[in-house]
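Working notes for the structure below.
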Number of protein chains: 2
Amino acid sequence: MSRARESHLPRYLEIAEELEASIRRGDLGEGELLPGELELAKRWSVNRHTVGRALNHLQQMGLVARVKGHGTHVRPPRLDYRIADQVSFTAMFEAVGARVRKQPPTIHAARADATLATLMRIPVGEELVGVRNGSAVGGSPLSWGVGYFREAVLPGVADLLAGFRGSTSELFRSVYGIELFRAQTRFEVQPAEPEAAAQLRVAIGFPLFKVEKLDTLSDGTPAVWGLSYFRSDAVRFDVQTRPIITVGA
Amino acid sequence: MSRARESHLPRYLEIAEELEASIRRGDLGEGELLPGELELAKRWSVNRHTVGRALNHLQQMGLVARVKGHGTHVRPPRLDYRIADQVSFTAMFEAVGARVRKQPPTIHAARADATLATLMRIPVGEELVGVRNGSAVGGSPLSWGVGYFREAVLPGVADLLAGFRGSTSELFRSVYGIELFRAQTRFEVQPAEPEAAAQLRVAIGFPLFKVEKLDTLSDGTPAVWGLSYFRSDAVRFDVQTRPIITVGA
DNA sequence: AAGTGGTCTAGACCACCTT
DNA sequence: AGGTGGTCTAGACCACTTC
């Protein structure tokens with residue numbers, strides 16, 4: 001492959017690279033606030049919009065976070081969201097020492113419409129319990145979404161979940177004596193809509209992971225379906241589909 | 001002027017929604033070119049940059065694609081990239097009737113450095129065959145990346161792959177009599193760097209799926225590791241970790 | 001040559017968060 | 001009240017694709 005020209009990089013990318021270098025060098029520590037757009041613009045003798053673009057690029061790289069009215073600060077590295085057939089959201093992040101905060105969920109009765117019935121592979125009209133929830137790790141919002149639990153499989157689940165902020169895996173294990181398994185996970189990228197943007201404290205249009213999941217009982221019976229949006233600057237997903245052997249030395 | 005609007009939605013989102021509606025209605029057919037920014041700006045009496053933002057938003061939603069010097073056209077719906085423990089990229093998309101075109105791969109000898117050895121779970125210094133490749137579906141670029149094949153597990157793989165553009169799953173099955181299994185897949189979102197942007201025909205900064213995969217033999221022995229970038233407007237990933245039963249009716 | 005979208009400047013107003 | 005980033009306008013220049 002010939003690499004003839006690579007000299008004329010856009011100015012905002014040059015600035016982004018300089019800022020990236022100084023973050024990686026450690027000139028700017030984790031959580032530290034960067035100067036505002038106006039001051040940075042003066043530093044490179046460019047317009048405010050040009051450094052703004054550089055900062056937006058760095059945000060999509062996961063290096064900084066921008067909050068309107070507050071400023072731009074250095075982000076910690078992305079979290080690893082590990083998914084295998086057995087998963088506990090809470091246990092996984094606590095194992096890494098991350099401080100997880102779940103919002104108290106909002107619960108409502110629901111029934112499977114045509115779309116939901118297809119996604120969950122259950123009959124139309126079945127009784128469900130809908131749960132709106134959100135999570136934050138290390139003080140920064142991570143996810144926001146909704147889940148649907150089958151009342152037929154998890155009787156009385158609405159009362160169980162009301163106000164509950166712990167690990168649902170443990171809850172179901174102790175109350176029903178069952179284990180849930182991740183059967184299917186779908187990943188998509190979507191720009192943040194106004195409501196999701198507000199919940200996750202990102203600007204409208206910021207790229208989000210849209211994740212749809214289906215959890216089943218051990219025999220493959222569908223039990224829970226969920227749709228969540230995750231900040232793409234805060235997380236990376238790691239899905240295990242088979243065991244791996246480590247070779248040699 | 002009269003900004004006495006009671007909708008607190010940004011103007012560019014209102015325009016994006018109107019365009020979205022007319023695409024979903026079918027006023028604009030798949031593949032059809034939209035008017036240029038200047039004409040659209042006249043239509044809504046706004047600046048060119050405002051409609052530009054609306055179009056960029058629609059592109060991130062996967063509804064349109066923008067190509068510099070060419071224009072903005074309506075995209076087909078996102079492809080479903082189904083991943084289970086047994087996968088064939090080629091077979092999967094051909095099953096959906098999509099026309100897959102793989103670029104002839106570029107091959108080079110390589111050795112596992114510390115990073116690669118950790119990722120592949122093999123000893124440092126092991127002999128590998130590096131393969132740069134790209135794919136397009138339905139005439140639009142989809143992925144671009146690099147793969148590393150273990151010479152010890154797939155002897156003579158460099159010669160096999162040189163100029164080969166078919167299904168590698170089938171190739172390995174017929175030549176070595178082995179089946180490869182997807183063991184691990186990592187998903188991350190990254191803004192397009194200049195080189196990836198050029199290969200995938202998107203603007204610099206456009207959000208891409210960064211996908212790392214590890215394929216193994218049936219006993220879990222690592223065989224192939226790969227890193228690919230996928231256009232996030234063109235694809236959605238669907239990972240199956242367990243079988244699912246369909247209930248009722 | 002004409003048209004397209006990408007970049008950069010310049011200035012304005014605003015909503016939001018902190019003090 | 002002061003500072004932050006988000007939005008919108010306006011105009012300019014450019015690289016790229018297509019004719």
Side-chain angles (χ1 to χ4, degrees), chain A residues 4-16 19 32-42 44-60 64-73 139-141 191-194 197-206, chain B residues 1-16 32-42 44-60 64-73 139-141 191-194 197-206:
Chain A
R5 68 228 188 288
E6 57 182 90
S7 41
H8 31 48
L9 217 55
R11 189 79 180 101
Y12 77 90
L13 270 194
E14 292 180 354
I15 294 171
L19 283 165
E32 203 170 329
L33 267 183
L34 277 70
E37 288 186 349
L38 286 172
E39 191 181 328
L40 291 174
K42 239 185 298 177
W44 276 284
S45 307
V46 296
N47 190 272
R48 159 163 104 90
H49 296 116
T50 303
V51 287
R53 256 191 112 164
L55 293 172
N56 285 338
H57 192 83
L58 291 175
Q59 182 176 22
Q60 299 204 13
V64 305
R66 316 194 69 191
V67 183
K68 171 149 99 163
H70 174 61
T72 303
H73 60 267
S140 134
E193 300 295 319
Q199 292 286 338
L200 296 173
R201 303 249 304 175
V202 293
I204 293 171
F206 188 78
Chain B
M1 296 294 287
S2 60
R3 304 270 307 123
R5 206 180 322 280
E6 61 176 283
S7 158
H8 42 290
L9 215 56
R11 189 78 180 102
Y12 75 91
L13 270 194
E14 292 180 353
I15 294 171
E32 203 169 331
L33 267 182
L34 277 69
E37 288 186 348
L38 287 172
E39 191 179 329
L40 290 174
K42 238 184 299 176
W44 276 284
S45 306
V46 296
N47 190 272
R48 158 164 104 91
H49 296 117
T50 302
V51 286
R53 256 191 112 162
L55 293 172
N56 285 337
H57 192 82
L58 291 175
Q59 183 176 21
Q60 298 203 16
V64 305
R66 315 194 68 193
V67 182
K68 172 151 99 162
H70 175 63
T72 303
H73 59 266
S140 133
E193 300 295 319
Q199 292 286 337
L200 296 173
R201 302 251 305 178
V202 293
I204 292 171
F206 188 79

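The chains referred to below are lettered A, B, ... by the order of the sequence lines, with proteins before strands, and numbering in each begins at 1. Bear in mind that the values here come from a model prediction, so they are computed numbers and not experimental data.
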>> Using OP1 and OP2 only, check whether a side-chain N or O of B:Y12 sits under 4.0 Å from D:dC8.
In response: no
> Reckon B:R53 has a side-chain N or O less than 4.0 Å from the OP1 or OP2 of D:dT7?
Replying inline: yes
> So which nucleotide from C:dG5, C:dA15, D:dC8 ends up closest to the side chain of B:K68?
Replying inline: C:dG5
>> Using a 4.0 Å heavy-atom cut-off, does A:R11 contact any base of the nucleic acid, only the sugar-phosphate backbone, or nothing at all?
In response: sugar-phosphate
>> Within the 3.5 Å criterion, strictly below it, is a donor on A:T72 or A:R66 matched to an acceptor on the partner's side chain?
In response: yes
>> From CG of A:L38 over to C1' of C:dT9, roughly how many Å is that when rounded to an integer?
In response: 14 Å
> Can you find a heavy atom in the side chain of A:H73 that is under 4.5 Å from one in the side chain of A:L34?
Replying inline: no
> Does OP1 or OP2 of D:dT4 have a side-chain N or O of A:T72 closer than 4.0 Å?
Replying inline: no
>> Quick check: on DNA chain C, is the nucleotide nearest A:V51 upstream (toward 5') of the one nearest A:G69, or the reverse? Name the residue that is more 5'.
In response: A:V51
> Given atom CD of A:E39 and atom P of D:dG2, what is their separation to the nearest angstrom?
Replying inline: 18 Å
> Can you tell which of C:dC17, D:dC8, D:dT17 lies closest to the side chain of B:T50?
Replying inline: D:dC8
>> Between A:S45 and A:H70, which residue's closest nucleotide on DNA chain C lies nearer the 5′ terminus?
In response: A:S45
> What is the distance from CG of B:N47 to P of C:dG5, rounded to the nearest Å?
Replying inline: 14 Å
>> Rounded to whole Å, please give me the gap between CG in B:L40 and P in D:dT9.
In response: 14 Å
> Rounding to a whole Å, what distance do you find between A:I204:CD1 and C:dA15:P?
Replying inline: 14 Å
>> Taking only side-chain N and O atoms of B:R66, does any of them lie within less than 4.0 angstrom of OP1 or OP2 on C:dG6?
In response: yes
>> Rounded to whole Å, please give me the gap between CD in A:E37 and C1' in C:dT9.
In response: 14 Å
>> Is any side-chain heavy atom of A:I204 closer than 4.5 Å to one of B:Y12?
In response: yes
>> Using whole Å, what does the distance between atom C1' of nucleotide C:dT9 and atom NZ of A:K42 come to?
In response: 17 Å
> Do the side-chain N or O atoms of A:R48 get closer than 4.0 angstrom to the phosphate oxygens (OP1, OP2) of D:dG5?
Replying inline: no
> A:R201 CZ to D:dT4 C1': how many Å, rounded?
Replying inline: 12 Å
> Stepwise, does the side chain to side chain contact (heavy atoms under 4.5 Å, CB included) test hold for A:L55 with A:L19?
Replying inline: CA-CA 9 Å; A:L55 293 172; A:L19 283 165; 4.0 Å; yes
> Of B:K42, B:R48, B:H49, which is the lone residue that meets side-chain hydrogen bond (donor to acceptor under 3.5 Å, both in side chains) with B:E37?
Replying inline: B:R48
> Between D:dG6, C:dT7, D:dC8, which one does the side chain of A:N56 approach most closely?
Replying inline: D:dG6
> Considering only heavy atoms and no angle criterion, is a donor-acceptor pair shorter than 3.5 Å present between the side chain of A:H49 and the base of D:dC8?
Replying inline: yes
